[in-house]
Amino acid sequence: MAVVLRGMRVLPPSFYRQPDTMQLARQLLGKVLEVVEPGTGLVTRGRITETEAYVGFDDPACHAHAGRRSPRNEMMYAAGGVAYIYRCYGIHNLLNVVTHASGEPHAVLLRAAEPLEGLQAMFERRGIAFDLPSAGDRVLPKRLTCGPGSLTKAFGLELKDNGADLGGPRIAILDDGTPVPERIATGPRVGISGAGPAAMAKDWRFWPEGTRWVSRYVP
DNA sequence: CACTCGATTAACT
DNA sequence: GTTAATCGAGTGA
């Protein structure tokens, strides 16, 4: 029987343990990312709108390329269904969904989301003045949650959340019935020029065609 | 040990 | 368009 949280279905471990990480990166579009603040119970939610696939040993852009393993990327080797959070450029925490089986270090980087709930907390965490009390979604600034570093900041995620189970209680990914987008645009992954031209030639970044909630690198 | 370089962002010119 | 911020990992002495 499926686990249901606040009317939305919690994605089961079997969802994350599929071997096709590119397909999983597509299926995550439209799902709801939920983060609950310990203590206060404050809920922040957003709809996932941009993902990137990193596919293990043979992917030069993947942290686990050629079997690389360190305290930082250890969580990539876990069975799918947990968070891999690491610090990038010494400043930003980036959130990945670990996929595939234990020992197969695949992951999907979450790069952008559409804010749904906990808007005031998102503004505060991002250091943006919340003076649009009754403004609709149309005027919410993109920089609230677009870009992988901005997303984790808006949701209040820290390095200590590395390894969190994506079935909750701290982090959960939910299916609220929104279908996977019919038209999905693709493009090269961002910031991986160091991994070489072969990696840059792969269109392993995904977003729903036409959405506003994408990072700056969408054409 | 001493470097270099990122799965980035915001604040500059 | 350019650059500083800031730190762990990877590389080479």
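No hydrogens, no waters, no symmetry mates; every other heavy atom, side chains included, goes into these values. Everything numeric in this text was worked out from a predicted model, so none of it was measured. Numbered from 1 within each chain, the chains take letters A, B, ... in sequence-line order.
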Check: In terms of the angle between their ring planes, are A:Y77 and A:F57 parallel, tilted or perpendicular, with boundaries placed at 30° and 60°?
Finding: tilted
Check: Over how many whole Å does the gap from A:Y89 atom OH to C:dA9 atom P extend?
Finding: 16 Å
Margin query: Short of 4.0 Å, heavy atom to strand atom, which residues of residues 64-88 of chain A count as contacting DNA chain B?
Written below: A:M76, A:Y86, A:C88
Next item on the list: Please name the pair of heavy atoms, one in A:L95 and one in A:A83, separated by the smallest distance, quoted to 0.1 Å.
Entry: CD1-CB, 3.8 Å
Item checked: Within residues 46-62 of chain A: residues closer than 4.0 Å to DNA chain B (heavy atoms) -> A:Y54, A:A61
Margin query: Do A:L166 and A:V43 sit in one hydrophobic cluster, given that two such residues count as connected whenever their side-chain heavy atoms are within less than 4.5 Å of each other, even indirectly?
Written below: no
Note to self: Taking only the C1' atom of each, what is the distance from C:dG8 to B:dA10 in whole angstrom?
What the structure shows: 22 Å
Check: Looking at A:T49 and A:W213, what are the two nearest heavy atoms and their distance?
Finding: OG1-O, 2.6 Å
Next item on the list: In whole angstrom, give me the gap between the C1' atoms of B:dA7 and C:dG1.
Entry: 22 Å
Notebook entry, point to check: About how many Å separate CG of A:L109 and CZ of A:R205, when rounded to the nearest 0.5 Å?
Noted result: 10.5 Å
Notebook entry, point to check: Between A:L95 and A:R126, which is nearer to the 5' end of DNA chain B once each is assigned its nearest nucleotide?
Noted result: A:L95
Margin query: Please check: side-chain N/O of A:T211 versus main-chain N/O of A:P208, any donor-acceptor pairing under 3.5 Å?
Written below: no
Contacts table for residues 21-28 of chain A: side-chain donor-acceptor under 3.5 angstrom, sequence neighbours left out:
{"from": "A:T21", "atom 1": "OG1", "to": "A:T99", "atom 2": "OG1", "distance (Å)": "2.8"}
{"from": "A:T21", "atom 1": "OG1", "to": "A:H106", "atom 2": "ND1", "distance (Å)": "2.8"}
{"from": "A:Q27", "atom 1": "OE1", "to": "A:Q18", "atom 2": "NE2", "distance (Å)": "3.1"}

Checklist line | Note: A:R125-A:E37 ion pair, threshold 4.0 Å (strictly below) | finding: yes
Check: With sequence neighbours left out, which residue pairs that include part of residues 115-124 of chain A fulfil the side chain to side chain donor-acceptor pair (under 3.5 Å) condition?
Finding: A:R45-A:E117
Item checked: Sugar-phosphate only, base, or nothing, as touched by A:I91 at under 4.0 Å among non-hydrogen atoms -> base
Margin query: Exactly one of A:V214, A:T145, A:L110 should register a side chain to side chain contact (heavy atoms under 4.5 Å, CB included) with A:E50. Which one does?
Written below: A:V214
Next item on the list: Would you classify A:R205 as touching base, sugar-phosphate or nothing, given that sugar-phosphate means primed atoms plus P, OP1 and OP2, and contacts are heavy atoms under 4.0 Å?
Entry: nothing
Notebook entry, point to check: Looking across every strand, which nucleic acid part, if any, lies under 4.0 Å from A:S150 by heavy atom: base, sugar-phosphate, or nothing?
Noted result: sugar-phosphate
Next item on the list: Check DNA chain C for consecutive Watson-Crick or G-U pairs with both distances under 3.5 Å and list the runs of at least three as stems.
Entry: B:1-6 with C:7-12, B:8-12 with C:1-5
Notebook entry, point to check: Of all heavy-atom pairs between A:Y16 and A:V98, which one has the smallest distance, and what is that distance?
Noted result: CB-O, 4.0 Å
Note to self: Within the 4.0 Å heavy-atom criterion, would you say A:L109 contacts the bases, only the backbone, or no part of the nucleic acid?
What the structure shows: base
Check: Are A:R47 and A:D176 close enough for a salt bridge, meaning some N to O gap below 4.0 Å?
Finding: yes
Next item on the list: Under 4.0 Å from any heavy atom of chain A: name the first and the last nucleotide of DNA chain B that qualifies, 5' to 3'.
Entry: B:dG6 to B:dA10
Margin query: Tell me if the centroids of the rings in A:H63 and A:Y54 come within less than 6.0 Å of each other.
Written below: no
